[in-house]
2 protein chains.
Amino acid sequence: LPPTDQLDRVVIVLMAPRNPLNIGAAARAMANFGFSHLTVVAPYEPHWREAQSAVGAEALLQNARRTGSLAEAVADCTLVLGTGTLEHRKPEQPVLLLPELASHLRGHRAPGRRVALVFGPEKHGLTREDLSYCHHLLVIPTAPQQPSMNLGQAVAVCLYELATRLAVPEHEIPSEPATLNQPPASAADLHRLAGVVEETMQAAGYSPAAMRAANRHDLDLLLRRLTLNAPDATRLLGLFRRILWRLRH
Amino acid sequence: LPPTDQLDRVVIVLMAPRNPLNIGAAARAMANFGFSHLTVVAPYEPHWREAQSAVGAEALLQNARRTGSLAEAVADCTLVLGTGTLEHRKPEQPVLLLPELASHLRGHRAPGRRVALVFGPEKHGLTREDLSYCHHLLVIPTAPQQPSMNLGQAVAVCLYELATRLAVPEHEIPSEPATLNQPPASAADLHRLAGVVEETMQAAGYSPAAMRAANRHDLDLLLRRLTLNAPDATRLLGLFRRILWRLRH
């Protein structure tokens, strides 16, 4: 398995999980592959309490973070990957196949970069709204006859892939292009920026009430496609705040 | 996923599984990754009946084969891989790490070759005796703090690895060395040969009663290390039958 610091920058996010056995299984897989950061969003309370005693992962579950929303769960992350299948879905985010994940993350190793792997609820997976917080749709290649995986098994497969293929000898790591030397914007940066741009669109009369949710959704997708770095996001935030102030005065 | 014929030569063997949820989870993972041959050895009857209704894998479980022994389960296989960890164990078989599995199997694609992936019972995994039927100990790399995986998750991880990395473009497939052009001996061939060699050892006064089980165990390990091809096994069987006949007359 790779050095701990490589695994420690990955946080596993379970979105509204229902089945305590699945929560326990997800935590067990994290312990098996050396991951330690678990965040659970809006769990169903009695099941969450029951899950916290899962064999072999007690400490991990006791230390798990709980948040009320996905936005809060991924706020400090610079790369958010939502898991799902391609069945019944035309993806709105670029698709990343699981076997390509580790090489994709190698360009994302600098200090301060944090990656979230987000897993949806058992019944229907991540919603379109959940995915609007994600830079990529992470797809496990499965058979078309039975594409949908059990939650605990999906977590195990993703973490196995990461743990066994993230470690590379230092000399094989390509140096990042100079333009990428800036730290990427965090999910919180993007969320803040989207909020100010949205207000600006309204103040400018661009976004009628009926279109507001759809425009915000498109804006969320756009901001993640741009892969802004942190100074970009700060600059844009300043610009839109200025425009907004002007529009209002 | 690779073409069906590549996956169809792999049989998943569950050795004496106890928990019906785990049996169902193993079958579900098989369906997810396009595998269809399941053999269950000596299952606990009520749990096996309960497991047969696992969601998303009914057909696979209805068609599953049941055997009384591991020898019978792997009889038609030419490569038997027993899964396990390296904790508390000095392996008696060569170790194969899961990330190396697909490239190992690429040298084993010829028609008639069948591969068994054997998973032990939940509580203690495969015994030393079970492993004496195996050519390799297949190890999933896990964290030393929590090396032992849940059965359903271990199956999912192994099948994911195989399904996503077994398919290679035809031009990348190395042709097998001429010496390997013969089909390998099946597990049944090796079992038959071991039986005759064992009888011979006794008839020759080589193997006192107290040493019989230990000698047989060593013999089983040896025969799998040799990677005999089918004509080799037939030739050796003929030789030992002749020796045995001579010793007795």
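In what follows, chains carry the letters A, B, and so on, assigned in the order in which the sequence lines appear, proteins first and then strands, with residues in each chain numbered from 1.
- Checked by atom type and distance alone, the side chain of R28(A) pairs as donor or acceptor with a backbone atom of S148(B) at under 3.5 Å.
- Nearest heavy-atom pair, A143(B) versus A31(A), reported as atom, atom and distance to 0.1 Å: CB-O, 3.6 Å.
- The minimum heavy-atom distance between Q153(A) and A25(B), with the atom names listed, is NE2-O, 2.9 Å.
- Between S36(A) and Q145(B) there is no side-chain heavy-atom pair separated by less than 4.5 Å.
- Only the backbone of P147(B) comes within less than 4.5 Å of a heavy atom in chain A; its side chain stays farther off.
- Counting heavy-atom pairs under 4.5 Å between each of T164(B), I140(B), L98(B), L97(B) and chain A puts L98(B) at the top.
- Inter-residue side-chain proximity for P99(B) and E161(A) is flagged as unmet; no heavy-atom pair is nearer than 4.5 Å.
- The most heavy-atom pairs under 4.5 Å with chain A, out of G34(B), A163(B), G152(B), A154(B), come from G152(B).
- Side chain of N32(B) to backbone of T142(A): no donor-acceptor contact under 3.5 angstrom is found.
- Residue A26(A) touches chain B through its backbone alone, counting heavy-atom pairs closer than 4.5 Å.
- Proximity of M149(A) to Y160(B): side-chain heavy atoms (C-beta onward) are nowhere separated by under 4.5 Å.
- Between L21(B) and L21(A) the shortest side-chain heavy-atom distance falls below 4.5 Å.
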